[in-house]
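All values derive from a computational prediction rather than experimental measurement. In the text below, chain A, chain B and the rest are named by the order of the sequence lines, each starting its count at 1. Every heavy atom of this structure was used, including side-chain atoms; hydrogens, water molecules and symmetry mates were not.
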4 protein chains.
Amino acid sequence: MSRRLTPRGAERRRALLDTAARHFATDGYHPTSVAAIVDDLGVGKGVFYWYFDSKDDCYRQILVDAQRSLRAVQRDAVADEHDPARRIDAGIRASMHWLADNRHLFALLEQARTDERFAPLVRRGEQQMVADTLPHIRAGIAAGLLRREDPELLAVAILGVTDALARAVVLQAGDGPDAGAAADRAAEAAISFCRRGLLVDEADPRSERTPA
Amino acid sequence: MSRRLTPRGAERRRALLDTAARHFATDGYHPTSVAAIVDDLGVGKGVFYWYFDSKDDCYRQILVDAQRSLRAVQRDAVADEHDPARRIDAGIRASMHWLADNRHLFALLEQARTDERFAPLVRRGEQQMVADTLPHIRAGIAAGLLRREDPELLAVAILGVTDALARAVVLQAGDGPDAGAAADRAAEAAISFCRRGLLVDEADPRSERTPA
Amino acid sequence: MSRRLTPRGAERRRALLDTAARHFATDGYHPTSVAAIVDDLGVGKGVFYWYFDSKDDCYRQILVDAQRSLRAVQRDAVADEHDPARRIDAGIRASMHWLADNRHLFALLEQARTDERFAPLVRRGEQQMVADTLPHIRAGIAAGLLRREDPELLAVAILGVTDALARAVVLQAGDGPDAGAAADRAAEAAISFCRRGLLVDEADPRSERTPA
Amino acid sequence: MSRRLTPRGAERRRALLDTAARHFATDGYHPTSVAAIVDDLGVGKGVFYWYFDSKDDCYRQILVDAQRSLRAVQRDAVADEHDPARRIDAGIRASMHWLADNRHLFALLEQARTDERFAPLVRRGEQQMVADTLPHIRAGIAAGLLRREDPELLAVAILGVTDALARAVVLQAGDGPDAGAAADRAAEAAISFCRRGLLVDEADPRSERTPA
DNA sequence: CATGAATGAGGCTTCATTCAT
DNA sequence: GATGAATGAAGCCTCATTCAT
């Protein structure tokens with residue numbers, strides 16, 4: 001289905017992907033019917049099957065696009081930092097804002113991860129994100145900045161914290177006017193937690209939150 | 001559907017819940033047909049509707065039971081500890097082992113959380129887990145053991161780390177002979193991360209992983 | 001299923017017939033489930049099949065009982081009158097009151113008449129009612145009191161008027177305190193219409209409603 | 001479901017309505033399965049749901065169409081007459097012929113009237129027919145042609161007679177070659193009964209049936 | 001390219017009836 | 001006599017996908 005598309009075709013395809021993504025995110029894969037997508041767009045069903053092989057194919061393309069987009073944002077954010085710990089901070093911050101700006105894709109990714117059918121695809125993307133993080137962790141350890149733990153587990157933990165706080169803070173906030181503030185707050189909480197954990201730094205009891 | 005059940009009936013119901021849970025966990029809610037469940041059990045389709053109002057009802061009961069079970073394990077684990085930080089550790093450890101022992105229910109909960117239909121139910125359970133954790137965090141902060149941060153966000157972060165590591169380590173390990181070891185490993189990684197975070201404790205550079 | 005019944009058994013049977021009749025009348029034959037009937041009575045399903053061969057059988061028994069009851073009332077009402085025209089009036093009046101007093105059975109009979117399955121049974125009862133009316137009509141014609149028309153068609157017309165007015169007046173009134181008055185009103189309207197029709201009796205222009 | 005239909009689509013819809021009406025009339029609402037209708041037409045099950053929201057919806061559309069058709073015939077018949085009593089006669093005659101020509105719709109309407117679900121719809125149509133008749137009755141009373149009775153009750157009685165005679169004469173006759181004659185006979189009997197009732201007009205003992 | 005129309009497998013659920021206890 | 005439990009055929013409806021126009 002790597003059809004050569006006219007500009008108008010490319011536009012159509014984009015509109016379909018976007019509409020479909022919103023429906024999938026809201027209702028889930030199965031409850032979303034192809035009819036609902038095309039009706040929402042006011043086109044016939046043939047259009048859908050002109051651009052996608054199947055509903056499954058459409059869903060996958062959305063996932064791949066979303067992951068590519070998130071990864072690109074992370075890469076850009078990290079590019080400016082030299083300190084390994086700050087690179088991690090920047091990655092968390094960028095991720096959090098992307099998740100806040102693309103709530104429906106966030107929901108979609110979480111959803112796809114639990115679906116037998118799409119889990120491998122999502123997992124691949126997550127492993128890539130872990131892999132992207134590993135060099136910074138290793139560098140941090142080598143520099144004596146980060147604790148000497150299994151870097152892979154650390155990366156997983158970082159992603160887990162980011163995810164959980166995004167869910168708790170960002171999704172709850174909806175897209176009201178303070179959505180950006182919620183993302184900031186979630187990002188700083190995630191960064192703080194990942195840096196220092198729970199325990200008081202006994203050697204430095206005045207320790208307060210360190211602006212990342 | 002709170003039918004009065006004979007012992008035999010109660011047994012049937014339990015078998016249905018278990019079979020259904022495994023199917024749901026493996027295939028997801030929609031791809032699992034009621035027919036598949038009852039066929040697997042070798043009973044007629046009517047049996048399912050004798051014990052449950054609907055497929056939806058059955059799914060919910062599984063979720064509620066699972067959450068109740070997980071919460072009970074956490075409560076028991078925490079009961080023996082007096083130190084707030086150790087209570088948190090114990091909770092993480094107990095959760096991780098429950099997740100390892102009930103992989104299919106773990107998968108089910110993650111799945112339900114992403115489904116519009118069941119998300120509120122799951123969220124309620126998660127909020128309860130957060131609420132269960134708050135007192136320990138507050139006590140820890142009051143005792144000067146834990147950092148003075150928003151306790152709710154800390155609780156969310158802890159659950160996020162536990163979840164992520166369970167997914168990465170426990171689910172990957174499958175249920176081979178070293179499943180218990182995997183759970184231990186994941187639990188200790190989670191505890192360590194939650195306690196100290198990423199950064200080297202500069203005041204105490206010898207800092208190594210603290211056996212929980 | 002002409003089982004010998006103990007007194008308690010006869011009582012059970014009567015209760016079943018009554019409960020079933022009300023459900024059938026309200027919801028119709030198919031939408032009424034055997035489960036609904038026995039649940040309403042607080043007994044097990046076995047009871048139903050102890051007293052009736054099938055749902056169909058139960059329905060028929062209700063119909064037969066109802067028709068027997070209506071016919072008995074008509075017979076009693078007619079017994080006291082000697083004038084043929086007054087016998088017809090009395091029959092109309094008695095029918096109307098029975099229909100008002102047994103609204104659910106009225107509804108049931110109307111319903112059964114339109115059901116392929118039970119229509120023959122109901123038709124038989126109606127033909128009997130027509131047959132019961134014929135002698136009075138014939139006597140009236142012979143006595144020069146009634147118009148010389150096909151007696152069968154006249155009988156059908158009389159029943160039609162009674163039915164239509166019962167539906168319009170009696171069923172609409174529900175079973176409020178003025179239900180009896182509504183039945184009276186409907187009966188007198190039916191009698192009046194059947195006696196004189198629509199046209200003004202030109203020979204007697206003072207003609208007003210004649211108390212039946 | 002007010003879909004924009006192509007000519008071919010409109011034709012399909014009509015065929016579905018007709019086939020469905022015949023099945024419903026013969027077997028009743030519940031015993032008629034959607035499968036039976038589409039099989040009879042030799043189309044797939046989806047076709048039915050392309051044109052109707054549900055079986056219920058289809059049934060209602062048939063009812064509404066039938067009532068509209070009957071009412072149109074009555075209106076046309078009445079249009080040519082100026083004398084109020086003759087308008088009523090013409091209405092009876094037209095109704096009787098419509099009922100004879102559309103026996104299955106007649107059966108359907110009678111059936112629907114006894115079904116909780118559709119009764120309101122049918123009742124609405126009947127009240128309209130009553131309302132259509134009222135002006136003629138009132139005009140007749142005002143002109144001193146008709147007896148001074150509650151016009152509404154008179155209208156109901158007229159419809160009741162028509163209905164009953166249609167059932168007795170027209171439906172019994174089937175659709176043999178003398179079906180038209182049966183309708184005529186039933187119509188004249190109804191008209192005669194409605195005009196004069198049962199009693200001999202004592203002032204005019206020569207009184208015979210008046211050709212309407 | 002696009003649409004209205006069609007397909008038909010398959011899903012959830014109901015329910016009359018039977019039966020072991 | 002009675003009940004809870006079970007059966008399984010059958011019904012309504014959905015929906016991914018295809019195709020003629």
Side-chain angles (χ1 to χ4, degrees), chain A residues 3 5-6 8-9 12 30-38 42-58, chain B residues 3-13 30-39 42-58, chain C residues 3 5-6 8-9 12 30-38 42-58, chain D residues 3-13 30-39 42-58:
Chain A
R3 211 179 279 287
L5 294 175
T6 67
R8 181 156 159 267
R12 265 278 161 90
H30 286 99
T32 297
S33 67
V34 173
I37 296 167
V38 295
V43 299
K45 260 188 242 183
V47 173
F48 186 92
Y49 286 93
W50 178 260
Y51 291 100
F52 307 108
D53 283 339
S54 63
K55 185 178 161 184
D56 179 286
D57 173 46
C58 172
Chain B
R3 216 180 272 289
R4 186 91 58 216
L5 295 176
T6 64
R8 186 158 156 261
E11 181 49 44
R12 260 288 154 85
R13 184 172 172 283
H30 286 100
T32 297
S33 69
V34 172
I37 297 169
V38 297
D39 285 357
V43 298
K45 226 177 292 195
V47 172
F48 187 91
Y49 290 92
W50 179 260
Y51 292 100
F52 307 109
D53 281 338
S54 62
K55 185 178 162 184
D56 179 286
D57 174 47
C58 171
Chain C
R3 209 181 278 291
L5 295 175
T6 66
R8 182 156 160 268
R12 264 277 163 90
H30 285 100
T32 297
S33 68
V34 173
I37 297 168
V38 297
V43 300
K45 259 188 243 183
V47 174
F48 187 92
Y49 286 92
W50 179 259
Y51 291 100
F52 307 107
D53 283 338
S54 64
K55 185 179 162 184
D56 179 285
D57 174 45
C58 171
Chain D
R3 215 181 273 290
R4 186 91 57 218
L5 295 176
T6 64
R8 185 158 158 261
E11 181 49 45
R12 260 288 153 86
R13 185 172 172 282
H30 286 100
T32 297
S33 69
V34 173
I37 296 169
V38 296
D39 285 357
V43 300
K45 221 175 301 192
V47 172
F48 187 92
Y49 290 94
W50 178 260
Y51 293 98
F52 307 108
D53 282 337
S54 61
K55 184 179 161 182
D56 179 285
D57 174 47
C58 171

- Distance test, side-chain N/O of D:R8 to OP1/OP2 of F:dA20, below 4.0 Å: no

- Under 4.0 Å between a side-chain N/O of D:Y49 and OP1 or OP2 of F:dT14, yes or no? no

Write down the distance between [atom1] ([X]) and [atom2] ([N]), rounded to a whole number of angstrom.
| X | N | atom1 | atom2 | answer |
| --- | --- | --- | --- | --- |
| D:E11 | E:dA6 | CD | P | 11 Å |
| D:F48 | F:dC12 | CZ | C1' | 10 Å |
| C:H30 | F:dA9 | NE2 | P | 19 Å |
| B:Y51 | F:dA5 | OH | P | 5 Å |

- Ranking F:dG4, F:dC12, E:dG4 by distance to the side chain of B:T6, first place goes to F:dG4

- Message: As a test of reading the structure: which of F:dA6, F:dT17, E:dA2 is closest to the side chain of B:W50, going by heavy atoms?
- Response: F:dA6

- With both distances under 3.5 Å as the test, what is the Watson-Crick or G-U wobble partner of E:dT21? F:dA2

- Can you tell me the pairing partner of E:dC15 across any strand shown, Watson-Crick or G-U wobble, with both distances under 3.5 angstrom? F:dG8

- Item | B:K45 (side chain) and F:dT7 (base): donor-acceptor pair under 3.5 Å | no

- Message: Judged by each residue's nearest nucleotide on DNA chain F, which is more toward the 5′ side, B:R12 or C:G44?
- Response: C:G44

- Message: Can you work out whether C:V47 or D:K55 has the more 5'-proximal nearest nucleotide on DNA chain F?
- Response: C:V47

